[in-house]
Amino acid sequence: MKEQQLFSTVEAYIRQLFAGESSGHDAEHTLRVYRTALRIQQEEGGDRLIVGLAALLHDADDRKLFNTADTLANARAFLSAQNIAPDTTEQICAAIRSVSFKGTDTQRPATLEGCIVQDADRLDAIGAIGIARAFAYGGAKGRAMHLPDQPPQLHMNAAQYAANQGTTINHFYEKLLLLENLMNTPTARRLAHARHLYMESFLSEFMDEWEGRR
Ligand code: ADP
Ligand code: NI
């Protein structure tokens with residue numbers, strides 16, 4: 001099957017899988033990660049088919065939305081229906097497993113394809129889009145935007161990070177501001193820098209307004 005045709009099929013599958021999801025974890029997030037991952041792949045190399053499919057399927061079995069995280073059943077069902085070869089399927093699944101953020105337990109993916117998809121996923125969590133997603137997520141979970149007497153919790157491991165129910169502003173200090181330095185590829189580090197500066201300027205403006213300095 002031609003690349004374009006395969007990606008149209010997976011796009012339709014993703015839109016149906018994430019229908020009704022509005023916590024910042026929707027089909028549009030996946031499609032942005034896909035476009036960013038292909039842009040990074042163009043500069044960094046790696047297998048384009050694996051990067052594209054891993055990006056498109058990276059949240060298809062996300063623990064927060066589905067109960068298939070251990071088996072990657074949704075991703076596997078799609079790849080099998082498209083007759084993707086077993087070894088390619090395993091490489092895509094390995095890349096998908098390696099992308100998620102787990103606080104201090106996060107590891108650098110073993111393959112270039114995994115590194116690229118992880119970078120693309122993280123780029124979508126920072127900058128203007130990242131700010132919007134963080135507040136959308138916080139709103140969906142009923143979290144406070146900011147509580148000045150609740151300091152951020154740094155250096156959380158995977159379990160602590162997953163159990164954390166803090167404010168959205170704290171999420172910037174607990175995750176989003178750490179991501180620039182965690183980028184795997186030089187291309188993503190370059191893209192992350194501008195987005196990082198934008199978040200810093202947002203936070204400084206937010207605090208100025210909060211404290212009545214503006
Ligand atoms: P992904 O699986 O795409 O890497 P996550 O599942 O960690 O991302 O989170 C989805 C989006 O919700 C991200 O933009 C992330 O920053 C945001 N988010 C996750 N946890 C929180 C939180 N505690 N407060 C605010 N935003 C959050
Ligand atoms: Ni994602």
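In listed order, ligands and their atoms are each counted from 1.
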What's the shortest heavy-atom distance between Val99 and Gly114, and which atoms?
-> CG1-O, 4.1 Å
Minimum-distance pair of heavy atoms, taken over all atoms of Arg15 and Ala27 = CA-CB, 4.0 Å
Closer than 4.0 Å to some heavy atom of [X] - which atoms of ligand 1 meet that?
{"X": "Asp62", "answer": "2 (O)"}
{"X": "Leu176", "answer": "16 (O)"}
{"X": "Asp59", "answer": "2 (O), 3 (O)"}
{"X": "Arg133", "answer": "3 (O), 10 (C), 11 (C), 13 (C), 14 (O)"}
{"X": "Asp121", "answer": "1 (P), 3 (O), 4 (O)"}
{"X": "Arg143", "answer": "22 (C), 23 (N)"}

Do Asn170 and Gln150 pass the side-chain hydrogen bond (donor to acceptor under 3.5 Å, both in side chains) test, and can you show the C-alpha distance, the side-chain angles, and the key distance before you say yes or no?
-> CA-CA 8 Å; Asn170 281 352; Gln150 272 189 25; 4.6 Å; no
Flag [X] as yes when one of its N or O atoms lies below 3.5 Å from any N or O atom of ligand 1, and as no otherwise.
{"X": "Thr168", "answer": "no"}
{"X": "Lys175", "answer": "yes"}
{"X": "His58", "answer": "no"}
{"X": "His171", "answer": "yes"}

N, O or S atom within [X] nearest to the Ni ion (ligand 2), by name:
{"X": "Asp121", "result": "OD1"}
{"X": "Asp59", "result": "OD2"}
{"X": "His58", "result": "NE2"}

Examine distances only and state if a side-chain atom of [X] and a backbone atom of [Y] form a donor-acceptor pair shorter than 3.5 Å.
{"X": "Arg48", "Y": "Gln41", "value": "no"}
{"X": "Gln153", "Y": "Asn164", "value": "no"}
{"X": "Gln160", "Y": "Asn157", "value": "yes"}

Using a 4.0 Å heavy-atom cut-off, which part of [X] comes near ligand 1: side chain, backbone, both, or neither?
{"X": "Val33", "value": "neither"}
{"X": "Val99", "value": "neither"}
{"X": "Asp124", "value": "neither"}
{"X": "Gln165", "value": "neither"}
{"X": "His29", "value": "side chain"}

From CG (Asp61) to CG (Asn67), nearest 0.5 Å | 9.5 Å
Quick one: pull up NE2 in His58 and CD1 in Ile14 and give me the separation to the nearest 0.5 Å.
-> 9.0 Å
When you look at Val51 and Tyr34, which way does the side-chain contact (heavy atoms from CB on, under 4.5 Å) test go after all the steps?
-> CA-CA 8 Å; Val51 168; Tyr34 169 65; over 6 Å; no
Derivation and outcome, side-chain hydrogen bond (donor to acceptor under 3.5 Å, both in side chains), residues Asn181 and His196 | CA-CA 10 Å; Asn181 286 331; His196 185 91; over 6 Å; no
Going by atom types only, do Thr30 and Asp59 share a side-chain donor-acceptor pair under 3.5 Å?
-> no
Might you confirm whether atom CZ of Phe135 has over 12 heavy atoms from other residues, nucleotides or ligands at distances under 6.0 Å?
-> yes
Of all the heavy atoms in Arg122, does at least one lie under 4.0 Å from an atom in ligand 1?
-> no
